[in-house]
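These numbers were taken from a predicted model, which means no experiment stands behind them.
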Amino acid sequence: MAKKTSRRKIKRFYDYSLLAVIIFLCIFGLIIVYSSSSYSAQLKIGDSLYYFKRQGVIAAGGVLVMIIVSKMDYHIYVRLTGIAYIAAVVMMVLTNFTPLGLEFNGQKRWLGVTETLSFQPAEFVKIAVILMLASLIDKIGRKIDTWRGLVLAVFLTLPPFILVGMHNLSSGIIIAGIAFVVCFVGSKKKGIYILGVAAVAVVAYLFVEYGDKLVEWHILKAYQLERIDIWKDPEAYPQTGGWQVLQGLYAIGSGGLFGRGLGESIQKLGFIPEAMNDMVFSIICEELGLFGALCVLLLFMFMVWRFMVIANNAPDLLGALIVVGVMAHIAIQVILNVAVVTNSIPNTGISLPFISYGGTSVLFLMAEMGMALGVANRITLEH
């Protein structure tokens, strides 16, 4: 009698819970963008739906990008890491040193020809750095624990960090944070990283306490010192730099436990400048209260947890480090945004992922989500 052979059916995993929270945050972000921007859009453009429609189109395109990337084998696009890294550096050089770099609201962060036909290359740089470091550590393995390996990682991170940080300190901090977390996870020797955190804490203390001297020595710029002074005492600058911070705090305070109600914010009516951008979390607090704000933060925490699950079960080190880089980006950006809005740190001008208005941010964030889902899709389940 012929032996019956049983074949194992291999089923690939797809993280639908992560996909669900991504879609929910995008939809919620569109609602909040409309709520926070309708007044100013009606005054400036005559169309209360202007920002909502623009964000909606890009978000829809971002979902398509996410799905496409999630179905790709990440080993394929990692082969283009070198090209992506060079392209990221070139785009930042063009932004900083050529007429193609456009300046809006006093910040030279956009690359393009007009406000409509432009994007922020710093968002692409974050993806390039994630892929570069994941690929590097995957190739050199345990050599990342040596001084030579660590210096190589720092050397490759410095050009994009410096170029981005010249006009966008917040994104520069995020890039440095991504590099730190990816290298920390990829290394077995943690001591040097703990010393690094201590050194950063000392530098931050020096900036706060001896800012005047640092400006004299041309280490710190005058506008950066002003931001530190405003952070320390925003009420001393009520009509200038402290205005946005104070209005944001008023919004948070007036929201109470359950908020004024969706769409009922008072501070968005011309009090908080660009309420749908960096300060959108204060509008969430005002309209939905402490309860709503905590729900949003819990969703981000759930997202980070799903990233950790995917990274722990990734089929290889490369996939795990890609997801760790994406996780670091989301976690750091959320923490910094909430800290800025609550005046826990100086104002650095940073958006809340998936919720703040900004087409470039949403599009590249969705590409990152596709990368994480793509790694999850390579996890096999045997039956």
Nearest heavy-atom neighbours spanning Gly319 and Ala314
C-CB, 4.0 Å
Residue Lys143 excluded, over 12 heavy atoms near NZ under 6.0 Å:
no
Indicate yes or no for a side-chain donor-acceptor contact from Thr98 to the backbone of Leu100 under 3.5 Å, with no hydrogens or angles considered.
yes
Taking the side chain as C-beta and beyond, is there a heavy-atom pair between Met371 and Tyr77 under 4.5 Å?
yes
Are Leu195 and Val154 connected into the same hydrophobic cluster when the rule is that any two of I, L, V, M, F, W, Y join if their side-chain heavy atoms are below 4.5 Å apart?
no
Which word best sums up how the rings of Tyr193 and Phe184 line up, parallel for under 30°, tilted for 30 to 60°, or perpendicular for over 60°?
perpendicular
Trp231 (side chain) donor-acceptor with Asn347 (main chain) under 3.5 angstrom
no
How close do Ala59 and Val362 get, heavy atom to heavy atom, and via which atoms?
CA-CG1, 4.0 Å
Rounding to 0.5 Å, atoms CD (Gln120) and CG (Leu111) come to a distance of 11.0 Å
Are Tyr237 and Tyr250 connected, step by step, through hydrophobic side chains (Ile, Leu, Val, Met, Phe, Trp, Tyr) whose heavy atoms are closer than 4.5 Å?
no
To the nearest 0.5 Å, atom CD1 of Ile144 lies from atom CG of Leu133 at 8.0 Å
Does a side-chain N-to-carboxylate-O contact under 4.0 Å join Glu368 and Lys126?
no
Is there a side-chain contact between His167 and Thr95 (heavy atoms, below 4.5 Å)?
no
Could you tell me whether the side chain of Trp110 and the main chain of Glu103 form a donor-acceptor pair under 3.5 Å?
no
Which distance, rounded to the nearest 0.5 Å, do you find between the CZ of Phe271 and the CE of Met279?
14.5 Å
Working note: Ile355 + Ile284, criterion side-chain contact (heavy atoms from CB on, under 4.5 Å); need CA distance, chi angles, decisive distance, verdict.
CA-CA 10 Å; Ile355 297 176; Ile284 294 173; 4.1 Å; yes
Does a donor on one side chain and an acceptor on the other come within less than 3.5 Å for Gln267 and Ser282?
no
Is a side-chain N or O of Ser70 found less than 3.5 angstrom from the main chain of Ile67, in a donor-acceptor match?
yes
Polar side-chain atom of Tyr74 near backbone of Arg378 as donor-acceptor pair, under 3.5 Å:
no
Taking Glu287 for the side chain and Gly263 for the main chain, is one N or O donor matched with an acceptor at less than 3.5 Å?
yes
Is Ser37 close to Tyr50 at the side-chain level, that is, under 4.5 Å between some pair of heavy atoms?
no
Non-hydrogen side-chain atoms of Pro234 and Asn343 separated by less than 4.5 Å
yes
How far apart are the closest heavy atoms of Ile228 and Phe207, and which atoms are they?
CD1-O, 3.6 Å
Under 3.5 Å: donor-acceptor pair, side chain of Gln247, backbone of Ile272
no
If you apply the rule side-chain contact (heavy atoms from CB on, under 4.5 Å), what do you find for Val129 with Phe161, and how did you get there?
CA-CA 9 Å; Val129 169; Phe161 167 72; over 6 Å; no
Where is the tightest heavy-atom contact between Ala372 and Phe307, given as atom of each residue plus distance?
CB-CE2, 3.7 Å
Look at atom CE of Met301 and say whether more than 12 heavy atoms of other residues, nucleotides or ligands are closer to it than 6.0 Å.
no
I'd like to know whether Val326 forms a side-chain contact (heavy atoms from CB on, under 4.5 Å) with Val375, so could you lay out the CA-CA distance, the side-chain angles of the two residues, the decisive distance to 0.1 Å, and finally the verdict.
CA-CA 11 Å; Val326 174; Val375 174; over 6 Å; no
Please check if the number of heavy atoms outside Lys189 that lie under 6.0 Å from its NZ is greater than 12.
no
Minimum-distance pair of heavy atoms, taken over all atoms of Arg260 and Ser265:
CD-CA, 4.5 Å
Close side-chain approach of Met303 to Phe354, heavy-atom, < 4.5 Å:
yes
Can you find a heavy atom in the side chain of Leu297 that is under 4.5 Å from one in the side chain of Phe281?
yes
Given the rule that I, L, V, M, F, W and Y join up when any side-chain heavy atoms are under 4.5 Å apart, are Val65 and Tyr14 in one cluster?
yes
For Tyr51 and Asn277, which I'm curious about, is there any donor-acceptor pair between the side chains at under 3.5 Å?
no
What pair of heavy atoms forms the shortest contact from Ile127 to Ala367, and how long is it?
CD1-CB, 4.2 Å
Cluster link Ile345 to Val280, ILVMFWY, side chain under 4.5 Å:
yes
To the closest 0.5 Å, what do you measure between CD1 (Ile192) and SG (Cys183)?
11.5 Å
Please check if the number of heavy atoms outside Phe302 that lie under 6.0 Å from its CZ is greater than 12.
yes
Apply the test side-chain contact (heavy atoms from CB on, under 4.5 Å) to residues Leu19 and Met66: give CA-CA distance (whole Å), side-chain angles for both, the deciding distance (0.1 Å), then the verdict.
CA-CA 10 Å; Leu19 178 64; Met66 177 184 68; 3.4 Å; yes
Can you confirm whether Leu163 sits close enough to Phe97 that some side-chain heavy atom of one is under 4.5 Å from a side-chain heavy atom of the other?
yes
Expected output: side-chain Ser170 to main-chain Gly349 donor-acceptor under 3.5 Å
yes
With a 4.5 Å heavy-atom cut-off, do Pro315 and Thr380 have their side chains touching?
no
Would the distance check show the side chain of Lys268 and the main-chain N or O of Tyr39 forming a donor-acceptor pair, the cut-off being under 3.5 Å?
no
How long is the span from the CD1 atom in Ile332 to the CD1 atom in Ile173, to the nearest 0.5 Å?
10.0 Å
Check: Asp278 side chain, Asn337 main-chain N or O, donor-acceptor pair, under 3.5 Å:
no
Could you state whether Leu262 and Tyr34 fall into the same hydrophobic cluster, counting links through intermediate Ile, Leu, Val, Met, Phe, Trp or Tyr residues with side-chain heavy atoms under 4.5 angstrom apart?
no
Looking at CD1 of Ile137 and CG of Leu152, how far apart are the two atoms once the value is rounded to the nearest 0.5 Å?
10.0 Å
